[in-house]
Amino acid sequence: MTATHGTPVEVQTPDGVADAYVAYPDDGAAHPGVLVIQDGFGLRPSLRTLADRIAAHGYTVLLPNAYYRHGRAPVIELPDFIDPAERPDIFQQVFPMIRELTPELLRSDAGAYLEWLAASPHVSEGKVGVTGYCMGARLAVLVAAMFPDRVAAVAGFHGGPLVTDTSDSPHLVVGNITAELYFAHAGEDDHMTPEHIGRFDKALAAAGVRYRTEVYEGAQHGYTQADTSAHDPEAAERHYRELLALFDRNLRQ
């Protein structure tokens with residue numbers, strides 16, 4: 001683990017300016033780029049800490065505010081510790097913003113994020129890695145399918161929904177992906193039931209992509225997020241091990 005530098009940045013998109021956070025090793029060298037896609041609660045201190053930890057392993061990590069069209073982060077007021085059972089109103093605030101992120105807007109935003117990484121002096125040449133959490137896992141799959149020439153590795157943790165009955169379901173576009181994929185589903189997760197996982201795995205196998213899926217038994221949806229009631233320290237550490245191994249395999253030249 002190396003010392004890192006983290007700082008707020010702004011990313012110009014076709015629809016405005018996305019506030020973001022970037023973290024990278026404090027060694028003056030360029031490192032492979034990583035895009036972190038937030039969970040539904042948005043860009044906040046715990047996610048910056050997550051980005052710092054990935055960066056300390058030798059990566060330049062960009063963490064954008066996916067809700068930037070509604071203002072700078074934090075877009076909604078969040079408690080230091082998020083317990084949805086005590087604050088159901090949080091979901092009422094974030095769900096409209098989640099639904100607003102259509103594939104068209106995602107393509108526009110993700111293209112800008114990838115261009116920012118490519119132009120950064122802290123990012124080495126080559127493809128990038130993408131990791132997403134909760135809703136971010138779904139978006140990560142779509143980004144990999146939209147930009148197969150730019151993305152070499154994708155991870156999704158307690159993601160969902162990855163299989164839906166709509167035309168923009170992630171499982172329908174995995175045939176475009178050239179990256180290696182890793183998904184770690186929560187054992188206790190209504191968003192990805194065993195049936196959903198089976199359908200998603202079947203789609204990945206049929207597409208012939210390199211992938212591995214696991215179920216972290218006993219973990220709840222959101223197990224990686226240290227500032228929530230779903231946090232599972234053991235599962236979260238496992239997530240870091242698998243994520244960094246995936247990136248090391250695919251992003252190191």
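The figures here come from the full heavy-atom set of this structure, side chains too, leaving out hydrogens, waters and symmetry mates.
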Could you tell me the separation between the CG atom of L106 and the CG atom of L142, rounded to the nearest 0.5 Å?
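The CG atom of L142 is 6.0 Å from CG of L106, to the nearest 0.5 Å.
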
Can you tell me how far the OH atom of Y216 sits from the OG1 atom of T224, to the nearest 0.5 Å?
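Rounded to the nearest 0.5 Å, the OH-OG1 separation comes out at 10.0 Å.
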
Are [X] and [Y] side-chain neighbours, meaning at least one heavy-atom pair lies under 4.5 Å?
{"X": "M192", "Y": "V215", "value": "no"}
{"X": "V9", "Y": "W116", "value": "yes"}
{"X": "I82", "Y": "R44", "value": "yes"}
{"X": "P64", "Y": "L35", "value": "yes"}

Is it the case that the side chains of H158 and D39 hold a donor-acceptor pair, with the cut-off being a distance below 3.5 Å and no angle test?
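No - no donor-acceptor pair under 3.5 Å links their side chains.
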
Answer yes if the side chains of T166 and D168 hold a donor-acceptor pair under 3.5 Å, and no otherwise.
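Result is yes, a qualifying pair exists.
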
Contacts of type side-chain hydrogen bond (donor to acceptor under 3.5 Å, both in side chains), residue R87, not counting sequence neighbours:
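Per chain and number, R87 pairs via side-chain hydrogen bond (donor to acceptor under 3.5 Å, both in side chains) with D89.
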
Walk me through it: do F183 and V141 pass the test side-chain contact (heavy atoms from CB on, under 4.5 Å)?
CA-CA 10 Å; F183 293 92; V141 175; 3.4 Å; yes

If you apply the rule side-chain contact (heavy atoms from CB on, under 4.5 Å), what do you find for Y24 with V123, and how did you get there?
CA-CA 9 Å; Y24 48 85; V123 178; over 6 Å; no

Go through the structure and list residues passing side chain to side chain contact (heavy atoms under 4.5 Å, CB included) with R212, not counting sequence neighbours.
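Partners of R212 under the side chain to side chain contact (heavy atoms under 4.5 Å, CB included) test: Y182, E214, E242.
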
Test applied, side-chain contact (heavy atoms from CB on, under 4.5 Å); reference residue, I54; option that passes from T60, T4, V36, L63
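For I54, the side-chain contact (heavy atoms from CB on, under 4.5 Å) check succeeds only for V36.
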
Do the side chains of R69 and D109 get close enough for a salt bridge, i.e. N-O under 4.0 angstrom?
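A salt bridge is present here (some side-chain N lies under 4.0 Å from a carboxylate O).
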
Inspect the contact between E234 and R241 and indicate whether a charged nitrogen and a carboxylate oxygen are less than 4.0 angstrom apart.
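E234 and R241: not salt-bridged.
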
Which heavy atom in G58 sits nearest to a heavy atom in P32, and how many Å separate them?
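Between these two residues, the closest heavy atoms are O-CD, 3.6 Å.
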
Within a reach of under 6.0 Å around CG of D149, are more than 12 heavy atoms found that belong to other residues, nucleotides or ligands?
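It does: D149 CG has more than 12 such atoms within range.
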
Taking ring pair (Phe, Tyr, Trp, His ring centres under 6.0 Å) as the test, write out the residues that go with Y59, two or more places apart.
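F247.
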
Do the side chains of I90 and L47 join up, straight or via other hydrophobic residues, at under 4.5 Å, putting them in one cluster?
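Different clusters: I90 never reaches L47 through Ile, Leu, Val, Met, Phe, Trp or Tyr contacts under 4.5 Å.
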
Determine yes or no for a side-chain-to-main-chain donor-acceptor pair under 3.5 angstrom, with Q38 supplying the side chain and A66 the backbone.
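Yes, the answer is positive, given that a donor and an acceptor are paired below the 3.5 Å cut-off.
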
